[in-house]
Amino acid sequence: MPSSYVEDPAPGHGSSAPRSAFRSDAPAIGLGGSWRFLLSPAVDAAPEGIERDDFDDGGWADLQVPGHWQLAGHGAPAYTNVRYPFPVDPPHVPSDNPTGDHRLVFDLPDDWPDGPAVLRFDGIDSCGRVWLNGAELGVTKGSRLPTEFDVGALLRRRGNVLAVRVHQWSAGSYLEDQDMWWLSGIFRDVTLLARPAGGVRDFTVDAGYDHLTGRGTLRVDADSGVRVSVPELGIVGLPAGQLAEVADVEPWSAEAPRLYEGEIHTEAERVPVRIGFRTVAVEDGQLKVNGRRIVFRGVNRHEFHPESGRVVPREFAVADIELMKRHNVNAVRTSHYPPDSAFLDLCDTYGLWVIDENDVETHGFSELDWQGNPSDDPRWADAYVDRMRRMVERDKNHPSVVMWSLGNEAGTGRNLAAAAEWTHRRDPTRPVHYEGDTDCSYTDVHSRMYASHDEVDRIGQGVEGPERVRERPFILCEFGHAMGNGPGGLLEYRDLFERHTRCQGGFVWEWLDHGMAQHDAEGRAYFAYGGDFGEPLHDGNFVIDGLVRPDRTPSPALAEFAKVFEPVRITGVDGALRVTNHYDILSTEHLDFSWVLEEEGIEVAHGALTVPPVAAGAATDLPLPGLPATAKESWLTVRAALGADTPWARAGHVVAWGQTRTAPAPAPAAPATGAAPHLTATELRLGPGVFDPLTGRLTALGGLPVEGPRLDLWRAPTDNDRGSDDPEEARWRAAGLHRLQHRVVAVEPLGDALVVRTRAAPPGLGFGMRADYRWSADGQRLRLDLDVHPDGAWPCTLPRLGLRMALPAALGAAEWFGRGPGEAYADSRQAARVGRFTGTVDALQTPYVFPQENGNRIDLRWLRLTSDDGAGLRVDGEAPFAFTARRWTSEQLDAATRTTDLVPGDTIVLNLDLAQNGLGSASCGPGVLPQYRLQPESASLTLTFTPQPPSPAGTPAAEETPSR
Ligand code: IPT
């Protein structure tokens with residue numbers, strides 16, 4: 001029989017009223033460190049008497065607190081997305097309920113004051129029963145929420161015995177079905193805080209800003225006797241409850257996070273506070289802060305660390321925020337629970353709009369058609385309000401928090417409505433969000449996840465959705481599913497946020513990949529995902545869907561995000577430059593503009609650009625700077641960089657850039673002709689090329705052995721190709737595109753040319769692709785004119801259309817003139833600029849945690865692949881082409897399930913493409929937009945291959961390692 005509290009849908013008990021998270025000058029001690037620990041397989045299997053002084057925990061293990069026991073060798077993590085990993089039988093949980101007993105013996109510091117004290121737990125997953133010195137304090141539930149117990153009367157100077165029994169599963173688990181790893185334990189700080197008599201128990205800062213008058217208002221609600229001082233504003237000892245008005249205050253915003261340092265104080269206690277003046281309102285169907293419409297260029301952020309799970313070291317929280325700010329992210333939804341409150345301090349400091357989301361998700365009930373959903377079951381009513389209350393009280397004083405969210409994917413019901421009602425009453429200064437309230441019957445903003453561009457457009461036009469919601473601000477609480485390679489289509493969402501004032505942006509799903517750092521049998525590092533810990537029920541790599549890798553290495557998608565959502569847009573318009581300010585608030589005054597002119601990617605001139613300050617929402621046109629004449633294709637790049645250091649980036653950090661072409665490419669060199677095919681007994685020669693006379697395939701080029709170019713339509717499917725419903729990949733495989741067979745129709749000299757006619761087609765099916773290769777040459781160069789024509793009725797799009805060849809492994813250095821430095825695809829190419837780039841073949845790979853197509857570089861004018869001595873191959877395109885180069889084939893990439901499966905072979909596989917299909921975001925959301933789908937149509941590609949001799953002094957080392 002399980003203990004009743006474990007399966008009780010009610011909140012925990014015994015704790016004191018929730019209050020704001022703050023640190024004062026009252027003594028406090030962190031109780032984190034090494035605790036004693038014992039894991040039992042069930043509640044009843046746990047030992048009796050762990051709360052007693054004389055209990056012998058000598059046989060127990062040591063465990064680091066905060067920590068998850070599964071990550072310390074006790075049990076294992078498990079990943080499920082929607083499904084509960086236990087039978088849905090609310091409020092019951094499995095009898096096999098792993099139970100972790102934690103014990104700590106601690107002394108008080110010598111100067112610890114007698115009197116009241118609280119013991120604070122910032123997070124226990126999922127249910128904890130707590131004793132101090134033999135007395136039971138109570139029970140905690142609500143894993144990502146704080147609990148405080150009054151303990152002053154129980155404390156001893158020496159030998160305090162704190163015992164916490166934590167159950168992996170509880171009734172609370174039904175409310176915590178977020179898409180993430182199931183991890184248990186005391187995973188946030190444990191603190192003992194002295195609470196001086198006559199101190200500050202709690203306080204609520206209301207700091208508003210009137211954008212019409214520039215006036216700030218400040219009121220602090222607290223017990224009588226509490227006062228607030230903000231010396232900088234001349235506020236000294238303002239009593240709680242009284243309103244102060246401040247003329248000409250600088251408001252707080254995500255773009256200019258002005259905080260005023262102050263103090264909340266009584267005779268007995270002083271609490272440092274940072275006050276940000278801002279007013280959030282829903283007005284004219286728009287969400288406004290300080291009277292201005294804002295646009296969320298946001299991300300959903302889970303708390304995660306690849307080694308410690310939801311124990312997130314401060315450096316990682318800081319790294320997250322710095323990376324966000326440097327990539328033009330301006331907002332965070334704390335999916336799907338309140339983060340460690342230190343994260344919100346950072347959001348206040350650095351400037352991010354925050355939707356603070358409650359620790360509520362009952363997604364698994366969707367599998368049961370929402371039958372029995374706790375959100376509408378009165379037994380859970382208190383739990384919903386309790387959780388909301390604990391979040392709101394904890395986080396109410398953060399200016400960065402501009403909206404409360406009731407939770408995620410919890411269906412709908414009375415308990416959510418009640419939580420909303422409580423919140424509206426408690427905090428009328430912030431709107432309430434919940435995506436599941438589809439008709440806004442108890443929330444203030446219309447919110448959708450993964451709505452297609454078309455739907456967002458219709459919402460923007462006010463012709464979509466129930467009547468009630470059409471007048472509300474609209475946000476995408478999730479969009480741009482960033483699983484694996486992707487998302488594509490961010491640009492088109494941005495356009496909608498700009499076209500429709502009610503469409504106020506959204507939050508990409510999601511910030512990070514939740515991969516667990518592991519080592520394989522050979523000691524090679526990789527990131528694990530669902531199923532890697534033997535879970536019987538799991539959702540595989542669906543947990544690997546972020547803009548940054550688990551170790552916070554940015555993915556190409558983050559560069560795309562940064563470019564798409566850059567706050568300033570620089571474009572060339574009719575021989576002039578246009579600078580458009582897309583900040584919500586700031587002018588461009590804090591930016592320095594500069595230009596550089598590159599001729600075929602080589603800098604020929606640069607300078608500073610004087611741009612008169614452009615106000616938020618405005619634009620200005622400027623003449624181009626005076627530029628020297630250039631002969632080859634030339635591009636002017638204009639950059640806008642921070643003029644001064646900020647907390648998140650140094651002066652010089654580029655926030656926006658744009659390019660305009662100033663000189664076109666000169667007419668192409670005369671085609672390679674003159675040499676004639678010459679057949680010997682075993683080979684066919686044409687200029688620098690040697691061909692197999694039977695297959696017509698190129699076998700050597702200027703002495704370099706090659707496996708000549710051949711039509712290729714396949715790519716290792718991406719997670720987005722795989723999709724969640726109606727997957728493109730399935731159609732491609734059904735069409736046999738991964739196993740084309742090539743028939744040589746003819747190998748025939750035709751005047752000075754060699755013509756190879758082929759047909760590539762899948763086994764068992766009638767359609768195919770005719771590919772005619774027309775080779776011509778002069779003494780040094782070999783030219784290929786490829787013509788492809790679909791033959792028969794094609795059932796699907798193409799993953800790619802181009803040529804594949806193999807080169808000696810030594811040709812490991814790439815240089816190109818085209819777009820780079822990072823990978824790009826038809827619908828995710830904004831971050832790639834025109835320039836000359838270098839990188840090793842190894843560095844061209846993006847090591848997606850779950851291997852898939854990656855590393856495509858686009859719009860190449862030419863490509864050089866060389867070995868250490870500079871010898872190799874140059875490829876010129878008559879029209880821009882794309883390439884990927886790897887040490888494995890697409891088939892090997894396709895078969896790999898983790899990065900360690902990819903083992904370099906003895907050739908370099910080079911794809912030279914006309915195009916690839918776009919990426920889309922069908923892993924969860926819309927697929928590839930029609931304009932980015934690659935249809936089987938007639939096409940041609942003209943490439944010139946030129947062998948490169950060894951360079952006299954060897955090749956210079958790569959100047960730039962591509963990473964956008
Ligand atoms: C949506 C969830 O809110 C989010 O937590 C995550 O699971 C995401 O999907 C997929 O990665 S819900 C889904 C039904 C759209």
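One-based numbering, in listed order, for ligands and for the atoms of each.
Judged purely by distance below 3.5 Å, without hydrogens or angles, the side chains of Q70 and Q168 pair a donor atom with an acceptor atom. Side-chain atoms of D457 and H500 include a donor-acceptor pair closer than 3.5 Å. Between the side chains of T80 and W181, no donor N or O sits under 3.5 Å from an acceptor N or O. In the model, T423 has no side-chain atom that pairs as donor or acceptor with a side-chain atom of D427 under 3.5 Å.
In terms of heavy atoms, S447 sits closest to F474 at C-CE1, 4.4 Å.
Near ligand 1, heavy-atom contacts under 4.0 Å come from N81, D179, H336, H363, N408, E409, M449, Y450, E478, H481, W509, F542, D545, C924.
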Please table the atom pairs, donor to acceptor, closer than 3.5 Å between any side-chain atom in residues 511-518 and protein atoms at least two apart or in another chain.
from, atom 1, to, atom 2, distance (Å)
W511, NE1, D320, OD1, 3.0
D513, OD1, D545, N, 3.2
D513, OD1, G546, N, 2.7
H514, NE2, E510, OE1, 2.7
H514, NE2, E510, OE2, 3.2

